[in-house]
Amino acid sequence: MCGIVGYVGPRKVVPIIIEGLKRLEYRGYDSAGLVYLQDNKLRKHRCEGKLVNLEELMEEVDDGAGHIGLGHTRWATHGPPSEANAHPHSDCSGDLVVVHNGIIENFQTLRRELTARGHVFTSQTDTEVLAHLIEEHLDGDLAAAVRSAVREVDGSFALGVMWTGRPDMLVAARNQSPLVLGIQEGRGCFMASDIPALLPYTRNIIFLEDQEMAILKAGELQVMTLADGLPLEKEIQTIDWNASMAEKAGYRHFMLKEIYEQPLAVLNTFRGRLDPETGAINLPEIGLSRDKLRGLRRIFLLACGTSWHAALVAKYWLEKWVGIPVEVDIASEFRYRRLLLGPEVLVIPISQSGETADTLAGLRLAQKLGSRIISICNVVGSTITRESDGTIYTHAGPEIGVASTKAFTSQLTALFLLTLYLGQELETINQAKRIEFCRALVELPPIIEKELSRLQQDMDGLAEEFSRSRDFLYLGRGENFPIALEGALKLKEISYIHAEGYAAGELKHGPIALIDRDMPVLALVPRDGVYGKVISNVQEVKARHGRMILVGSEGDEALAEIADYAVYLPIIHEELNPILYVIPLQLLSYQIACLRGCDVDQPRNLAKSVTVE
Ligand code: AGP
């Protein structure tokens with residue numbers, strides 16, 4: 001999605017904008033631009049492609065003492081990537097500019113009406129209507145003009161506005177698209193689409209909420225309601241992510257760094273929420289009394305992509321250990337189905353970013369239908385968390401790589417904790433079993449830590465062998481079926497190799513027709529309750545000259561006899577296998593993508609947070 005950076009203060013603005021936009025590159029974009037005030041004129045520079053093109057452009061420019069400005073990286077939604085469609089966009093006078101993230105759903109109507117009133121458009125974007133609308137309402141008071149203009153707008157926006165008539169201020173406004181504000185005492189005020197852009201300057205952050213706006217000046221920041229301009233007191237949150245957490249810390253890519261951060265991410269997610277001595281689980285975020293929990297008739301999990309795979313694993317856990325029926329839905333399907341929800345259904349949106357449009361829309365629909373919403377999310381203060389009745393945070397830290405890794409294993413950890421908590425409150429898991437599970441969780445991070453380097457070496461070898469494949473099939477059963485889906489998603493989204501995840505038992509119902517020497521098959525075969533069944537499926541592949549990669553339990557000599565390649569993992573508590581078994585699949589995808597020269601952290605066509613439908 002698009003990235004916004006704005007600054008006003010005593011420092012030179014262009015370097016701040018460029019650096020901030022660089023830290024938002026993970027959001028995915030295809031053009032960039034910036035604007036600053038110099039000699040009371042707006043100096044606008046835009047280009048197609050990556051930020052490096054904008055930096056080269058700026059090398060030719062004396063950006064002078066510009067101290068107030070806005071920058072933007074655009075992920076095209078209306079109109080192709082081009083200089084003309086890049087933000088900032090101007091009004092007719094050229095004295096007012098806007099940068100925007102979101103979608104103006106009624107922009108065609110607005111554009112027609114504005115054109116009929118003499119406005120001249122220079123782009124194909126929805127955003128440009130905002131500049132002309134504000135221009136129409138402008139009567140000396142920029143904030144009031146923004147308020148009036150957005151009343152005519154249907155859709156989502158995070159907005160930055162600048163006008164030569166008020167050279168001392170920026171205006172920010174937000175509706176259904178993320179926008180954070182930063183304050184650096186005596187050194188100015190900032191706006192940005194996400195926290196990493198501000199970390200080099202300040203950790204004092206204010207989260208703008210929907211229907212809120214702000215006026216930023218060098219020495220002060222005022223937040224108010226978007227509807228009426230009424231002042232609002234907002235809490236300043238201190239973000240403990242230091243800049244290095246959002247840096248690569250010496251790894252070649254953010255994705256690899258985040259794969260290696262998984263032991264800590266899993267640990268931080270369960271830390272303080274369980275007692276391995278007593279088996280006590282502590283999740284006050286649920287905020288439901290035992291009576292209310294006893295009244296639950298169903299649990300509904302909704303998510304997209306990798307988060308949906310986490311939900312699929314949780315269904316096995318919750319139904320097995322809590323005994324409440326669980327439905328899982330892809331959020332974009334959930335929101336358009338006839339839903340049978342109500343107070344007796346607990347709805348759990350799962351989202352790393354907390355800004356995914358479909359998941360957020362599903363949350364709002366479930367809330368309207370009377371269900372209680374407990375979200376699982378990785379970003380403090382994100383929209384989904386602020387609209388939930390409670391949130392179980394995954395403490396994975398910032399996940400910059402577009403392909404989700406540590407957030408996924410943290411989501412699984414949080415969902416397993418939720419299973420244990422509900423089992424505790426509904427007395428479906430006795431204390432001895434909870435102690436057993438708590439100990440298994442506590443033992444997991446050091447096991448992952450110990451295996452990562454060895455697994456990466458194992459995967460490097462496999463990647464050499466398979467990086468030129470055109471297709472890949474991933475098989476799993478039970479809780480490992482969603483892990484097969486996740487492995488396939490990882491491979492396709494960063495290496496662009498077509499891959500499918502399948503329930504191993506489904507092989508004979510069609511996919512087996514695909515098997516030949518050119519179709520690598522990876523199967524997850526831990527020594528668990530369905531081991532024998534998966535081995536039978538694997539034999540079917542071998543009989544058709546398929547090339548097999550088996551990921552299974554250390555010490556299982558049979559694997560090497562059957563497979564072309566065997567990858568061994570430590571034997572841990574069977575219930576936690578999904579958290580461990582996804583890791584070699586992440587590393588395999590990463591290594592293959594590197595060998596194929598793909599942009600691992602920002603794969604083509606993808607965005608880290610899909611904030612539009
Ligand atoms: C994960 O590797 C993908 N990039 C994508 O499927 C992602 O999981 C999905 O867009 C959901 O995002 P969220 O967890 O932030 O809601």
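The chain is numbered in sequence order, starting from 1. Both ligands and their constituent atoms are indexed starting at 1 by order of listing.
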So what's ligand 1 close to, N/O to N/O, under 3.5 Å?
unit_1   : atom_1 : unit_2 : atom_2 : d
ligand 1 : 2 (O)  : Thr306 : OG1    : 3.3
ligand 1 : 2 (O)  : Ser404 : N      : 2.8
ligand 1 : 2 (O)  : Lys490 : NZ     : 2.9
ligand 1 : 2 (O)  : Glu493 : OE1    : 3.3
ligand 1 : 2 (O)  : Glu493 : OE2    : 2.5
ligand 1 : 4 (N)  : Val402 : O      : 3.0
ligand 1 : 4 (N)  : Glu493 : OE1    : 3.2
ligand 1 : 6 (O)  : Thr306 : N      : 3.3
ligand 1 : 8 (O)  : Thr306 : N      : 3.1
ligand 1 : 14 (O) : Ser307 : OG     : 2.6
ligand 1 : 14 (O) : Gln352 : N      : 2.7
ligand 1 : 15 (O) : Ser351 : OG     : 3.4
ligand 1 : 15 (O) : Gln352 : N      : 3.4
ligand 1 : 15 (O) : Ser353 : N      : 2.8
ligand 1 : 15 (O) : Ser353 : OG     : 2.7
ligand 1 : 15 (O) : Thr356 : OG1    : 3.4
ligand 1 : 16 (O) : Ser351 : OG     : 2.7
ligand 1 : 16 (O) : Thr356 : OG1    : 2.5

Donor-acceptor check, side chain of Asn480 to backbone of Ile483, threshold 3.5 angstrom: yes or no? no

Could you walk me through whether Phe416 and Thr269 pass the side-chain contact (heavy atoms from CB on, under 4.5 Å) check? CA-CA 11 Å; Phe416 192 68; Thr269 298; over 6 Å; no

List for me each residue that meets ring pair (Phe, Tyr, Trp, His ring centres under 6.0 Å) alongside Phe207, sequence neighbours excluded, and say none if there are none. none

Checking Lys50 against Tyr29: charged group under 6.0 Å from the ring centre and within 45 degrees of the axis? yes

Which ring-ring contact (aromatic ring centres under 6.0 Å, His included) pairs, counting each pair once, include a residue from residues 579-613, with sequence neighbours left out? His253-Tyr590

Per the ring-ring contact (aromatic ring centres under 6.0 Å, His included) rule, what does the pair list look like for residues 481-503, sequence neighbours excluded? none

